[in-house]
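Shown next, in structure tokens, is the structure this report addresses.
Proteins get letters first, then strands, A, B, ... in listed order; numbering begins at 1 in each.
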Amino acid sequence: MLNLKQIEYCLEKIGDMFPHAECELVHSNPFELVVAVALSAQCTDALVNRVTKTLFEKYKRPEDYLAVPLEELQQDIRSIGLYRNKAKNIQKLSKMIIEDYGGEVPKDRDELVKLPGVGRKTANVVVSVAFGVPAIAVDTHVERVSKRLGICRWKDSVLEVEKTLMKKVPKEDWSVTHHRLIFFGRYHCKAQSPRCAECPLLSLCREGQKRDKKGLVKR
DNA sequence: CTCCCGATAT
DNA sequence: ATATCAGGAG
């Protein structure tokens, strides 16, 4: 496990690698962001953006998602995967935003979580990106990177990973750090072939010690 | 824990 | 062929 100094060193180096890390889900208002993040579960941002490019031309407001049959919305997002659950969630969430929140996306995370298809991770992304509230959304990348480096323990739940990061990182840096960890995981410390040979953190990375130059686990 | 699921990289 | 992708719900 890394101590605070080592964690700060890691985050500084990652910041050098990805100084401009930010949300890559294309959106132009909070409602579009909610939809985009809800669609992004177990799917790449690139694929979500490909679909929302046309989706957001057809569906502007929550009412628009309720104006079509479920099957039509399913087809419109089919290439995303998990499309039956996601289509149902988006219609229900649209209905709730109209009926319970006056047509506006709630700015409170505990309210966002009440929306179907919106869990803690998605809610953290929305408050952070759309409303500027400090938050650390722990997705697959943040979890993997934190565990490989030794910022947290392998057995930790995503909630425990989030708590650890919130404790180790100053609150004003939560959102930037969160995006930098995502970029580091997405483009460098990748799940299948991490680029350990060109990693400035190799010497203190416990997972890196177990891997060869190609980032493959040694036998 | 399982299920949902198509697209893409390896 | 298999692993992975800005997870969430039952």
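- If you take OH of A:Tyr187 and P of C:dT4, they are 18 Å apart, rounded to a whole angstrom.
- If you find the closest nucleotide of DNA chain C to A:Lys114 and to A:Gly185, the one lying nearer the 5' end belongs to A:Gly185.
- In this structure, A:Gln42 atom CD and B:dC4 atom C1' are separated by 9 Å, rounded to whole Å.
- You'll find that the side chain of A:Thr122 is closest to C:dG8, out of C:dC5, C:dA6, C:dG8.
- Residue A:Thr140 places at least one side-chain N or O under 4.0 Å from the OP1 or OP2 atom of C:dC5.
- Residues A:Gly117 and A:His179 both approach DNA chain C. Their nearest nucleotides, taken by heavy-atom distance, put A:His179 toward the 5′ side.
- The P atoms of B:dC4 and C:dA1 are separated by 23 Å, rounded to the nearest whole Å.
- To the nearest angstrom, P of C:dG8 lies 12 Å from CG of A:Leu112.
- Residue contacts for A:Ala137: at a heavy-atom cut-off of 4.0 Å it reaches no nucleic acid atom on any strand shown.
- Between the P atoms of C:dG10 and B:dC5, the separation comes to 14 Å (whole Å).
- Aromatic ring pairs are classed by plane angle as parallel below 30°, tilted from 30° to 60° and perpendicular above 60°; the pair A:His188 and A:Phe184 is parallel.
- For A:Arg144 and C:dC5, the shortest distance from a side-chain N or O to OP1 or OP2 is below 4.0 Å.
- Following rounding to the nearest Å, A:Ile80 (CD1) and B:dC4 (P) show an atom-to-atom distance of 18 Å.
- Looking at A:Val133 and A:Arg109, their side chains never come closer than 4.5 Å, going by heavy atoms from C-beta outward.
- Of the P atoms belonging to C:dA6 and B:dC3, the separation is 24 Å, rounded to the nearest Å.
- Atom CG in A:Leu47 sits roughly 13 Å away from atom P in C:dG7 (whole-Å rounding).
- Among the nucleotides B:dT10, C:dA6, B:dC5, the one closest to the side chain of A:Arg84 is B:dC5.
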**Message:** Go through it in stages, so that I can follow the logic: the residues are A:Lys147 and A:Glu207, the test is salt bridge (charged side-chain N to carboxylate O under 4.0 Å, His left out), and I'd like the CA-CA distance, side-chain angles, deciding distance and then a yes or no.
**Reply:** CA-CA 8 Å; A:Lys147 291 182 176 180; A:Glu207 181 66 16; over 6 Å; no

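- Looking at heavy-atom distances under 4.0 Å, A:Arg78 makes contact with sugar-phosphate atoms alone, never a base.
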**Asked** Given A:Asp100 and A:Lys95, is the salt bridge (charged side-chain N to carboxylate O under 4.0 Å, His left out) satisfied, shown in steps?
**Response** CA-CA 8 Å; A:Asp100 302 340; A:Lys95 187 174 167 65; over 6 Å; no

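- Listed nucleotides C:dG8, C:dA6, B:dC4 differ in distance to A:Leu82; the shortest reach to its side chain belongs to B:dC4.
- Put simply, the side chain of A:Cys152 does not reach to within 4.5 Å of the side chain of A:Lys163, judged on heavy atoms.
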**Request:** Mind running side-chain contact (heavy atoms from CB on, under 4.5 Å) on A:Asp76 and A:Lys58 for me, showing each step along the way?
**Result:** CA-CA 10 Å; A:Asp76 288 337; A:Lys58 178 173 178 180; 2.8 Å; yes

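- Among C:dA6, B:dA7, C:dC5, the nucleotide with an atom closest to any side-chain atom of A:Arg50 is B:dA7.
- Of the two residues contacting DNA chain B, namely A:Lys86 and A:Lys190, the nearest-nucleotide position lying further toward the 5' end is that of A:Lys86.
- At the heavy-atom level, A:Leu39 lies nowhere under 4.0 Å from the strands shown.
- Note: CG (A:Asn89) to P (B:dC4) measures 15 Å, nearest angstrom.
- Look at CG on A:Leu159: it is 15 Å from C1' on C:dG8, rounded to the nearest Å.
- As a whole-Å value, the separation of A:Gln192 CD from C:dC5 C1' is 10 Å.
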